[in-house]
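Proteins come first, then strands; the chains are lettered A, B, ... in the order of their sequence lines, and each starts at number 1.
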2 protein chains.
Amino acid sequence: MKLTSKGRYAVMALVDLARFDNINPVSLRDISLRQGISLDYLEQIFSKLKKDQIVKSIRGTQGGYVLSKKPNEIKLTNIFHAVDEKVKTVQCKKESKKGCNGKATKCVTHNLWDELETHINTFFEKKSLEDLLKNNIEQRT
Amino acid sequence: MKLTSKGRYAVMALVDLARFDNINPVSLRDISLRQGISLDYLEQIFSKLKKDQIVKSIRGTQGGYVLSKKPNEIKLTNIFHAVDEKVKTVQCKKESKKGCNGKATKCVTHNLWDELETHINTFFEKKSLEDLLKNNIEQRT
DNA sequence: ACATACCTGACTAAATTGGTCAAGTATAGT
DNA sequence: ACTATACTTGACCAATTTAGTCAGGTATGT
């Protein structure tokens, strides 16, 4: 199962973006400075976010990024999916030839992992960027 | 967040154990053969399970492992905890000096990760070894 | 034209994972 | 007492993943 800093940074950056993009596009440099995330790394992350149309880019001077949708329309699922943070548990061995453990049947954990995945995804599908903004409204940067 | 093969193997092995320890202790060799898990790796895993008193060991010929408690008393939380499968998300940076992101305040994802952790733990606290046994009763090894 | 800021791909050090290997110790059965 | 079985411990390792860095681009507003 993967759920790492990349996803965390993506969320942090998007919350930052949501907070500041009311007037102008927000440059990654600003986000980098405010959130303490490496600019080069942010570029990688935003290229993925853009590919999934979570943000739009505006090039040139005074350029930057803006959200493609409203904060309440951007769910955490979308974000994690974009940056390849698959909430995906360890795979059973290739099922092509045999079952999970080399036997003909599914291993005992097979269904369990599926259930867990659903359980976690449910959580992420409910949470939107807006929810996070509300939670942190008092925490000024 | 970590949730890897070690946890999966631990669960598989314990289900196997629960199924066969009615009469005699079960040797790791048997579990290894039935579940297709390396014996050496199982030894590492069981040493941790023993330390958390999920299983008991019986040495010598005809020795092996038995469950310390009844299957319905062993929750998945206990198992994962024993093998260090912390359902713990990526830590924010050391909080000793500063906040998560080097600022004075918590980062916006801080609470989120906490919530997620609770959400997942809830799932694991409900599930016991017995539940898994029931689910897989038709799947003979 | 030039500064800004997006864009892309190659590269890498460190950590983690999923084991293996080697050398024990304890005990039941003969 | 001997021996086979099976637990016990700790060191080691290759492959993968992570969290970046680095080096070059390209587009655009002023």
| request: Check every strand shown and say whether Tyr65(A) touches a base, only sugar-phosphate, or nothing at a heavy-atom separation below 4.0 Å. | output: sugar-phosphate

| request: Taking only the side-chain nitrogens and oxygens of Arg29(A), find out if one of them lies under 4.0 Å from OP1 or OP2 of dA5(C). | output: yes

| What is the distance, rounded to the nearest whole Å, between atom CD of Gln44(B) and atom P of dC7(D)? | 15 Å

| message | When you measure from the centre of the six-membered ring of Phe80(A), is the NZ or CZ of Arg8(A) closer than 6.0 Å and no more than 45° off the axis? | response | no

| Under the salt bridge (Lys or Arg N to Asp or Glu O under 4.0 Å) test, residues paired with Lys50(B) that sit two or more places apart | none

| Angle class for the Trp113(B)/Phe124(A) ring planes (parallel below 30°, perpendicular above 60°, tilted otherwise)? | tilted

| request: Kindly point out which of dT26(D), dC7(D), dC22(D) is positioned nearest to the side chain of Ser27(B)? | output: dC7(D)

| Qualifying ring-ring contact (aromatic ring centres under 6.0 Å, His included) pairs with a residue from residues 51-78 of chain A, counting only residues at least two apart or across chains | Phe46(A)-Tyr65(A)

| message | Rounding to an integer number of Å, can you tell me how far Arg59(A) CZ sits from dT30(D) P? | response | 17 Å

| request: First locate atom CG of Leu132(A), then atom CG of Leu76(A), and finally report the distance between them rounded to the nearest 0.5 Å. | output: 5.5 Å

| message | Please tell me if Thr4(B) has a side-chain N or O lying less than 4.0 Å from either OP1 or OP2 of dT16(C). | response | no

| task | Could you tell me whether the phosphate oxygens of dT18(D), OP1 or OP2, come under 4.0 Å of any side-chain nitrogen or oxygen in Tyr41(A)? | result | no

| Plane angle bin for His119(A) and His119(B) - parallel if under 30°, tilted between 30 and 60°, otherwise perpendicular | parallel

| message | Could you tell me how far apart Gln62(B) (CD) and dA4(D) (C1') are, to the nearest whole angstrom? | response | 11 Å

| said: If the cut-off is 4.0 Å, is Ser57(A) near the phosphate of dC7(C), judged by side-chain N/O to OP1 or OP2? | reply: yes

| task | Identify which nucleotide among dT17(C), dT8(D), dG19(C) has an atom closest to any side-chain atom of Glu43(B), counting heavy atoms from C-beta outward. | result | dT8(D)

| Nearest-Å distance, NZ (Lys6(A)) to C1' (dT21(D))? | 14 Å

| field | Nearest-Å distance for atom pair CG/P, residues Asp30(B) and dA6(D) | value | 7 Å

| said: Let's go through Lys75(B) and Lys126(B) carefully: what are the C-alpha distance in whole Å and the side-chain angles of both, what is the deciding distance for side-chain contact (heavy atoms from CB on, under 4.5 Å) to 0.1 Å, and is it a yes or a no? | reply: CA-CA 7 Å; Lys75(B) 307 296 182 186; Lys126(B) 282 182 193 156; over 6 Å; no

| request: Mind running a 4.0 Å heavy-atom check of residues 47-55 of chain A against DNA chain C and sending the residues that fall below it, in number order? | output: Lys50(A)

| query | Could you give the CG-to-C1' distance, from Asp40(A) to dT12(C), as a whole number of Å? | reply | 14 Å

| task | For Ile37(A) and dG20(D), give me the distance from atom CD1 to atom P, rounded to whole Å. | result | 9 Å

| Can a side chain N or O of Ser38(A) be found less than 4.0 Å away from OP1 or OP2 on dT21(D)? | yes

| message | dA19(D), OP1 or OP2 - any side-chain N/O from Ser5(A) closer than 4.0 Å? | response | yes

| query | Roughly how many Å is it from CG in Leu39(A) to P in dT4(C), rounded to a whole number? | reply | 13 Å

